[in-house]
Peer 1: 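If you scroll down you'll find the structure; I have some questions about it.
Residues take their numbers from the sequence shown, with the count starting at 1. Note that these values count all heavy atoms, side chains included, but never hydrogens, waters or copies made by symmetry. Bear in mind that the values here come from a model prediction, so they are computed numbers and not experimental data.
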Amino acid sequence: MTKLITVFGASGQQGSGVVEALLKNSNFKIRALTRNPDSEKSLKLKEQGVEVVKCDDSDSKETIQEALSGSYGVFCVTNYWAYFEKEVEYGRNMADAALGAGVRHFIFSGLTPMNEISQGRLSVPHYDQKYLIENYIRELSKLNPKTFISSFVYAPGYMQNFLSFYPPKKNIESDGSVTFTLSTPSDPNGKPLDIGDISEMGYIVEAILSDPIKYSGVVIPISGDCLTGPQIAEIYSKVTGKTVNFQFIPPSVFRTFSFIHNSEAIASMYEFCNEYGAFGGIDKSIAPTIHKLKTFEEFLISNNVKLE
C-alpha cells in the first residue's frame with residue numbers, strides 16, 4: 001500500500017531534496033507543504049505529480065493538522081531565521097498537529113545541541129532551539145510508543161554555502177596575476193568541519209521511512225566530507241585550476257561584522273565547531289551505510305564550479 005508522506009518546507013533546500021528522493025520510491029506518494037503554492041517551485045512540484053498544499057510553520061495547530069490529514073509520515077524542518085524565538089513554539093505545535101492527525105512516523109531535521117555539549121558555555125540559538133523541539137518530539141513518542149515513532153537527521157555545514165555565503169573572492173596581485181581567497185571562521189588548527197550536499201538528505205529520509213523500527217529514536221548526522229579551511233581551498237584549486245588561498249577569520253573578529261546577519265550566533269557556532277567538531281562527537285557512521293554521499297570535490301565537479 002502506498003503511504004502518503006508530507007514534507008514541510010518542500011521548496012527549500014532540505015525539503016526539495018526529500019521530495020526528489022521520495023519521488024523515486026513507488027511506495028510513497030508526496031504532499032508538499034509550502035507558504036506559496038503558486039510559486040515557480042511549487043508549480044514544478046505539481047508537474048511532477050506532487051500534491052501541493054498551502055501551510056506555514058506559524059499556522060494554527062488545527063490548520064496544520066488538517067494539512068497533515070491522511071499522512072503516514074512527515075518530514076519536518078523548522079526555520080529559525082524566519083521566526084527566531086518563535087521557532088520552538090511552532091516546532092512543538094507542528095509535532096502536536098502530526099500526533100493529532102494520526103501520523104505514524106515523524107522525522108525531524110535537528111541540529112547538534114551546542115549549548116548542552118559545551119555545558120552552557122556557548123549559546124547558538126539556531127542549533128539549541130532545534131534540540132528543544134527534538135526533546136519535545138521524543139517525549140511525544142515516549143507517551144505514544146506504538147503510534148508515534150520519531151527519528152532525527154542532523155544537517156552538516158552546507159556545501160552549497162561555499163558557492164553562496166563563502167565564495168572565494170577574486171584578487172589581482174601586484175604582478176597582475178589572479179588569485180582567490182576563501183575566508184571563514186573555521187580554525188585550521190581546530191577540528192575539521194563536517195560538510196555535505198544538503199540535497200542528499202532526502203536519501204537518508206527515504207531510508208528512515210522505509211525502516212521505521214530500525215531508525216526509531218535514532219539521530220543520523222549527515223557528512224559527505226570533513227575538512228579544514230585550507231583543505232577546502234586546496235580542493236577548490238584542484239577542481240577550478242585557479243589558486244585559492246585560505247584566510248582564517250577568528251570568530252571573535254567575525255562576530256563584530258555588523259554587515260553579516262546574526263554574526264554573533266554564527267561566530268559562536270564556529271567556536272563550537274572548532275573545538276568540538278560540527279556534531280560534537282555524535283556518531284556519524286550511519287548515513288554512509290545508507291547512501292554514498294558526495295565529497296566536496298565531487299560536489300564542485302557535479303555543479304561545474306568555475307572561478308572567473
Peer 1: By side-chain hydrogen bond (donor to acceptor under 3.5 Å, both in side chains), which residues pair with S69, not counting sequence neighbours?
Peer 2: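 By the side-chain hydrogen bond (donor to acceptor under 3.5 Å, both in side chains) rule, S69 matches no residue at all.
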
Peer 1: Which residues pass the side-chain hydrogen bond (donor to acceptor under 3.5 Å, both in side chains) test with T63, not counting sequence neighbours?
Peer 2: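 Per chain and number, T63 pairs via side-chain hydrogen bond (donor to acceptor under 3.5 Å, both in side chains) with S60.
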
Peer 1: Just grab all the salt bridge (Lys or Arg N to Asp or Glu O under 4.0 Å) pairs involving residues 156-179, residues at least two apart or on different chains.
Peer 2: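 The answer is none; no pair qualifies.
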
Peer 1: Can you run down the salt bridge (Lys or Arg N to Asp or Glu O under 4.0 Å) pairs that involve residues 176-197, sequence neighbours left out, and say none if there aren't any?
Peer 2: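 As it turns out, the salt bridge (Lys or Arg N to Asp or Glu O under 4.0 Å) pairs with a partner in residues 176-197, which skip direct neighbours, are D194-K284, D197-K294.
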
Peer 1: Could you note down all residue pairs passing salt bridge (Lys or Arg N to Asp or Glu O under 4.0 Å) where residues 296-308 supplies at least one of them, sequence neighbours left out?
Peer 2: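 Counting only pairs at least two positions apart or across chains, the salt bridge (Lys or Arg N to Asp or Glu O under 4.0 Å) contacts touching residues 296-308 are K238-E297, K292-E298.
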
Peer 1: With sequence neighbours left out, what residues match E134 under salt bridge (Lys or Arg N to Asp or Glu O under 4.0 Å)?
Peer 2: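 R138.
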
Peer 1: Provide the full list of side-chain hydrogen bond (donor to acceptor under 3.5 Å, both in side chains) pairs with a residue in residues 84-100, sequence neighbours left out, each pair given once.
Peer 2: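 Those involving residues 84-100 are T78-E87, K86-E89, E87-Q129, E87-K130, D96-Y136.
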
Peer 1: Check which hydrophobic residues are tied to L4 through side-chain heavy-atom contacts below 4.5 Å, counting indirect links as well, and list them.
Peer 2: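 Joined to L4, directly or through intermediates: none.
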
Peer 1: Identify, with sequence neighbours excluded, every residue that meets salt bridge (Lys or Arg N to Asp or Glu O under 4.0 Å) alongside R121.
Peer 2: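 Scan of R121 (salt bridge (Lys or Arg N to Asp or Glu O under 4.0 Å), adjacent residues dropped) gives E275.
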
Peer 1: Can you list everything that forms a side chain to side chain contact (heavy atoms under 4.5 Å, CB included) with P192? Sequence neighbours excluded, please.
Peer 2: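 Result, side chain to side chain contact (heavy atoms under 4.5 Å, CB included) vs P192: C226, T228.
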
Peer 1: Under 4.5 Å between side-chain heavy atoms, chaining through other members, with only Ile, Leu, Val, Met, Phe, Trp and Tyr counted: pull out the rest of the cluster around Y80, sorted by chain and number.
Peer 2: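 W81, F84, which link up through side-chain heavy atoms under 4.5 Å apart, make up the rest of the cluster.
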
Peer 1: Return the set of residues passing side-chain hydrogen bond (donor to acceptor under 3.5 Å, both in side chains) with E139 (not counting sequence neighbours), or none when no residue passes.
Peer 2: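 E139: no side-chain hydrogen bond (donor to acceptor under 3.5 Å, both in side chains) contacts found.
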
